[in-house]
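Notes follow once the structure below has been shown.
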Amino acid sequence: MRTIARAVPPRPVLIAAVALTTAAGSLLLSPRVAGADPRPATREGSAPGRSAARAPAAAARRALTATVPRTDPHLGYPRRQVLSPDPANPADTSLKLGLTPYDALAPRLNALQRLGDRVSVEVAGVSAGGHRLYLVTVTAPETADQATAQERMRELIENAPATAAKSREIKAGYKTPVLFDNNIHGDEREGTDASLDLISQLATSNDAQTKDLLAHSRLYFNITANPDGRIAGTRTNANGFDLNRDLITASQPETRAIRALTIDKQPAVLLDLHGYVNGTLIEPTTPPHGENYEYDLFLKNTYANALGMESAVNGLGYTPAKDGVEPVHIPFRDQAEGWDDWPPVFTPQYAAFQGAVAAHTVEIPLQVNNSAYDTLPTTELRRRAAINVAVAGAAMRATLNFARSHRTSLIADQIEMFRRGAAGAEQIPVSARTVPGVPGIGPEDVYTTEFPRAYTIGADTAGARLVAHLLANDVRVLRAATGPYVIDMHQPKRGLANALLADGRDISDKVTAMYDISAWSLGRLWGAKIKAVTTLPGSPLDAITAPSPAARVAPHGDLRLRLTDPAEFAALNSLLRQGIPVRRAADGSAIVPESARAKATEAAGEYDVALDATPLTGTGTGTTTTALHPVRVAAAVTAGELFALREMGFDVTPVSTDILNAGFDWSKADVLFVSAGLDYDDLTPAARTALGTFLTTGHGLVGRGVTGAALGSAAGLLTATPVEGNEEANGVVRVVNSGPVTLGAPAYGFVYAPVWFTELGPTVRVEQSYATGNPLLAGHWRALDDGSGGPAAAAGRPSIVSGPHAVLFGTEPLFRDHPKGELPQVGRALFTMAHTYDGTRAMAHASSGSVEESR
């Protein structure tokens with residue numbers, strides 16, 4: 001077992017921050033929670049109190065359509081780009097802390113470019129809120145030919161690692177890529193200011209060490225990864241997303257920009273600057289460690305750099321008594337569990353799959369956000385922020401020293417990581433022998449996996465989406481002339497491929513708590529037909545750069561849209577908005593009349609969906625189909641759920657307790673979706689009356705979790721008792737689909753604080769149940785101390801139920817917009833409850849047929 005240097009609880013809030021307030025000229029020291037994440041597991045943006053997610057629709061549109069600009073890698077350095085100024089914004093929350101407001105960045109970066117020939121500035125994308133994302137590169141000047149040579153060596157390292165390992169050119173001349181990622185949490189700002197100071201120093205220093213560093217390195221600075229949050233003082237971007245939980249899904253433009261940087265620049269070293277844990281938390285992490293890493297290479301370098309950063313930060317001379325700053329904390333060394341690197345949703349953990357063999361989250365010490373921002377004097381906030389900038393700067397300079405002194409071994413280890421993947425070599429478990437110099441390695445640190453020989457993926461809409469996502473993550477995909485896509489697992493980035501596609505593992509018995517989600521399988525949750533295979537297909541396979549379009553339209557007759565994929569719901573909603581007379585069949589599919597073939601063809605191409613021939617009629621008022629109309633959703637939901645609803649093309653109006661109490665116009669809605677921020681008991685009498693009138697005059701409720709179920713019960717809509725399991729449990733679960741709401745859904749779901757239902761009323765239908773036995777496929781779900789709340793208690797219990805007036809979910813079908821294959825369940829529920837009493841309800845209690853019949 002690892003030796004714990006000082007007693008700490010197994011939680012991510014490791015050390016109490018020191019709150020300093022000025023009274024009568026003296027400093028009064030008292031403990032204050034320092035962590036930005038106050039729980040060992042931080043669920044997606046659940047709305048506090050009486051509010052709910054209210055991101056503007058424009059931010060969702062930008063996120064759904066934004067592309068990442070790419071610069072020609074063969075261009076030389078410096079790359080001059082004069083940035084136009086932004087309007088001054090006196091409301092920027094950085095100003096109170098004495099930090100650089102967003103509107104000052106463009107002038108500051110222009111000035112830095114003018115300091116010489118070492119600094120280049122590019123626009124790496126645009127945020128959900130419409131703000132530019134800036135990439136700064138600092139390196140010795142390069143001609144176009146020299147830049148071309150660097151790109152050729154970078155490609156050789158990834159694509160021919162065995163050859164790269166023998167290359168004298170690479171050993172002598174390849175520039176070590178180092179990436180600093182700043183301000184991904186908008187209210188953790190100081191990394192940006194420390195980067196600006198460091199860039200200025202690097203631009204002008206002429207000492208031998210700086211010249212040597214820039215001659216043999218490219219230093220990349222993502223100046224602010226979250227300008228929306230920097231301006232507003234929020235952890236999240238304009239869509240309400242925690243971007244440091246979005247790297248696997250990449251639903252937001254900011255995370256797609258980070259993904260592009262890690263792929264294009266292929267950093268060997270990465271620092272992700274955060275706050276606040278006193279006195280400065282520096283990874284590597286506690287167990288469990290991601291099982292798909294080449295963890296021996298990663299731990300060796302990450303631990304060594306952590307020691308250098310520790311020395312530099314402690315060397316600043318800050319003390320608990322004088323400054324309120326505690327010594328550095330390294331979780332791998334100083335803590336048993338609670339700050340893990342299991343899920344690759346965090347920037348450093350994702351970067352480890354893209355070639356980073358030293359990657360760290362660094363949590364600077366003194367809290368200046370949340371309650372501290374609101375309550376402490378401005379002078380104290382600025383004192384703390386200045387210390388934090390100094391700490392961040394010390395960590396960054398130490399990292400540059402590490403990169404310079406270990407240049408050869410860092411690149412060699414990056415090559416070895418890619419070589420193992422390409423060769424299909426076995427992982428090397430960490431031990432005192434395989435990772436010398438890292439003390440305290442024990443069996444609790446050993447996590448490896450068995451990679452399949454390959455995966456196959458079906459060539460339908462869901463498969464095409466998954467393949468496009470794999471390609472965007474730089475995973476190689478093959479395909480014969482016909483047949484499924486093939487992921488040959490003998491490839492440089494096999495770790496990332498397996499992390500995305502594999503089931504994952506049940507790690508409930510490994511640790512008592514996890515920092516964030518414990519399972520995320522795209523193979524199980526994205527709706528594609530995926531299979532692990534032991535041999536490659538016999539047909540000749542060619543590499544592809546894009547999936548083949550899944551779109552098709554039958555040449556004759558009326559058309560059938562299955563509605564088992566979120567893209568199909570987006571296509572349906574688009575057709576309905578255009579006034580196309582779409583009807584619904586008893587199996588839940590949508591029937592588009594032949595007269596709308598032109599519009600159907602446009603929708604098929606835009607959303608990459610198939611519309612097949614059907615004998616059912618898309619016109620008239622026959623008994624086989626019923627008319628559909630556009631569905632307007634009033635939604636009291638989390639940020640991720642709001643975004644997912646808009647991704648499916650629904651017209652969504654955010655609501656909350658406060659909005660309803662202020663007087664909401666229910667004529668704007670057809671159905672209510674509630675999961676957060678709406679408490680029936682807190683509604684005024686007038687608001688209750690208006691809500692009751694809405695729910696009893698042709699409209700229904702879709703509810704998720706205990707909040708949605710509580711509203712359904714309070715409004716008398718459905719008789720079912722929700723039971724909440726362990727609130728920190730999360731993962732991929734096995735489910736049994738049994739109703740029309742879940743028709744065609746995968747046999748897997750996602751849960752976070754899982755809920756099941758008991759004491760069902762006579763009109764309640766079970767739409768889905770947790771599987772018998774142990775329903776947890778992968779993740780972390782333990783019973784509570786009294787034995788309740790575990791997977792055994794949920795086994796066989798209803799996870800989704802419906803009645804004439806409500807559908808209730810105990811799973812998380814829209815979680816962070818991630819489980820794409822689950823989204824259609826909510827789409828079906830919304831259409832069902834929007835047509836409750838007007839004679840068009842056909843889905844909830846009609847004959848549903850089998851999944852095979854619906855295909």
Side-chain angles (χ1 to χ4, degrees), residues 36 68 100 102 105 109 121-125 127 131-138 176-199 217-230 235-237 241-248 250 252-276 280-285 302 305-306 309 341 344-364 388-389 391-393 395-400 402-403:
V68 178
T100 307
Y102 178 79
L105 290 178
L109 295 175
V121 179
E122 301 166 66
V123 175
S127 73
H131 299 100
R132 290 172 292 183
L133 305 172
Y134 301 121
L135 171 68
V136 173
T137 305
V138 183
T176 307
V178 180
L179 174 60
F180 296 105
D181 192 57
N182 301 297
N183 200 198
I184 193 169
H185 290 150
D187 59 354
E188 300 166 11
R189 306 171 177 85
E190 290 91 336
T192 295
D193 291 78
S195 288
L196 293 171
D197 292 345
L198 180 57
I199 293 166
S217 309
R218 280 186 184 170
L219 313 179
Y220 302 105
F221 298 81
N222 188 10
I223 294 297
T224 169
N226 184 1
D228 301 350
R230 184 178 187 86
R235 180 181 179 86
T236 61
N237 74 343
F241 271 69
D242 184 331
L243 300 173
N244 205 41
R245 304 293 185 272
D246 191 45
L247 267 297
I248 283 298
Q252 301 301 296
E254 299 92 338
T255 44
R256 293 198 290 275
I258 293 171
R259 180 178 68 187
L261 290 177
T262 57
I263 292 171
D264 295 349
K265 311 307 180 186
Q266 205 166 287
V269 182
L270 178 140
L271 232 60
D272 197 31
L273 278 299
H274 287 259
Y276 301 92
T280 308
L281 179 147
I282 301 175
E283 292 179 344
T285 74
T302 303
N305 191 35
M309 286 190 278
D341 59 14
V345 297
F346 313 114
T347 304
Q349 281 63 50
Y350 178 79
F353 290 120
Q354 296 288 0
V357 292
H360 312 255
T361 292
V362 174
E363 300 272 353
I364 53 183
N388 289 336
V389 170
V391 168
M396 297 166 80
R397 288 189 294 274
T399 295
L400 294 182
F402 177 78

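Values reported hereafter were calculated over all heavy atoms of this structure, with side chains retained and with hydrogens, waters and symmetry mates removed.
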*Are side-chain heavy atoms of Leu273 and Asn183 found at a separation under 4.5 Å?*
no
*Does Thr224 offer a backbone N or O that forms a donor-acceptor pair with the side chain of Tyr102 under 3.5 Å?*
no
*With sequence neighbours excluded, what pairs up with Ala225 under the side chain to side chain contact (heavy atoms under 4.5 Å, CB included) test?*
Asp181, Ile184, Asn222, Ile258
*Is it true that a side-chain atom of His360 and a backbone atom of Glu283 form a donor plus acceptor pair closer than 3.5 Å?*
yes
*Are Ile223 and Leu135 side-chain neighbours, meaning at least one heavy-atom pair lies under 4.5 Å?*
no
_For Val178 versus Ala403, what's the shortest heavy-atom pair and its separation?_
CG2-CB, 3.7 Å
*asked:* Taking side-chain hydrogen bond (donor to acceptor under 3.5 Å, both in side chains) as the definition, give me every residue that meets it alongside Ser127, ordered by chain and number, with sequence neighbours left out.
replied: Asp228
_Quick one, Thr285 with Gln349, criterion side-chain contact (heavy atoms from CB on, under 4.5 Å). Give me CA distance, side-chain angles, the key distance, then yes/no._
CA-CA 10 Å; Thr285 74; Gln349 281 63 50; 4.3 Å; yes
*Partners of Thr236 by side chain to side chain contact (heavy atoms under 4.5 Å, CB included), sequence neighbours excluded?*
Thr234
*About how many Å separate CG of Asn182 and CG of Leu271, when rounded to the nearest 0.5 Å?*
9.0 Å
*Taking the side chain as C-beta and beyond, is there a heavy-atom pair between Val362 and Met396 under 4.5 Å?*
no
_Just to verify, what does Arg256 make a salt bridge (Lys or Arg N to Asp or Glu O under 4.0 Å) with, not counting sequence neighbours?_
none
*Sub-4.5 Å side-chain heavy-atom contact between Leu281 and Ile364*: no
_Would you compute the distance between atom CG of Leu247 and atom CZ of Arg259 and round it to the nearest 0.5 angstrom?_
9.0 Å
*Quick one: ring pair (Phe, Tyr, Trp, His ring centres under 6.0 Å) partners of Phe180, sequence neighbours excluded?*
Phe221
_Checking Ala257 now: which residues fulfil side chain to side chain contact (heavy atoms under 4.5 Å, CB included) with it, not counting sequence neighbours?_
Leu133
*Heavy-atom side-chain contact between Leu196 and Leu109 under 4.5 Å*: yes
*Decide side-chain contact (heavy atoms from CB on, under 4.5 Å) for Leu105 and Thr192; before the verdict, give the C-alpha distance in whole Å, the side-chain angles of both, and the deciding distance to 0.1 Å.*
CA-CA 10 Å; Leu105 290 178; Thr192 295; 4.2 Å; yes
_Rounded at 0.5 Å granularity, tell me how far OG1 in Thr347 sits from CG in Leu243._
8.5 Å
*ring pair (Phe, Tyr, Trp, His ring centres under 6.0 Å) with Tyr350: which residues, sequence neighbours excluded?*
none
*Would you find a donor on one side and an acceptor on the other, under 3.5 Å apart, between the side chain of Asp246 and the backbone of Gln252?*
yes
_So which atom in Ala392 and which in Gly191 form the shortest heavy-atom distance, rounded to 0.1 Å?_
CB-CA, 4.5 Å
*asked:* Which residues pass the side chain to side chain contact (heavy atoms under 4.5 Å, CB included) test with Val345, not counting sequence neighbours?
replied: Arg245, Ile248, Pro343, Asp516, Ile517
*Taking atom CG of Asn244 and atom OG1 of Thr255, what is their separation to the nearest 0.5 Å?*
10.0 Å
*For the student: nearest non-hydrogen atoms of Ala268 and Thr176, plus distance*: CB-CG2, 4.3 Å
*Can you sort out the partners of Arg397 under side-chain hydrogen bond (donor to acceptor under 3.5 Å, both in side chains), two or more places apart, ordered by chain and number?*
none
*Report the residues that fulfil side-chain hydrogen bond (donor to acceptor under 3.5 Å, both in side chains) with His274, sequence neighbours left out, ordered by chain and then residue number.*
His185, Glu188, Asp272
*Can you tell me how far CG of Leu179 sits from CG of Leu219, rounded to the nearest 0.5 angstrom?*
10.0 Å
*Under the side-chain contact (heavy atoms from CB on, under 4.5 Å) criterion, do Tyr276 and Glu190 qualify, and how do the steps go?*
CA-CA 11 Å; Tyr276 301 92; Glu190 290 91 336; 2.8 Å; yes
*Can you name the residues that form a side-chain hydrogen bond (donor to acceptor under 3.5 Å, both in side chains) with Asp193, not counting sequence neighbours?*
Thr100, Arg230
*Mind checking the CD-OG1 spacing from Gln354 to Thr262? Nearest 0.5 Å is all I need.*
4.5 Å
*Pair Glu122-Tyr220, side-chain donor/acceptor within less than 3.5 Å*: no
_Glu254 side chain to Asn237 side chain, donor-acceptor N/O pair below 3.5 angstrom_ = yes
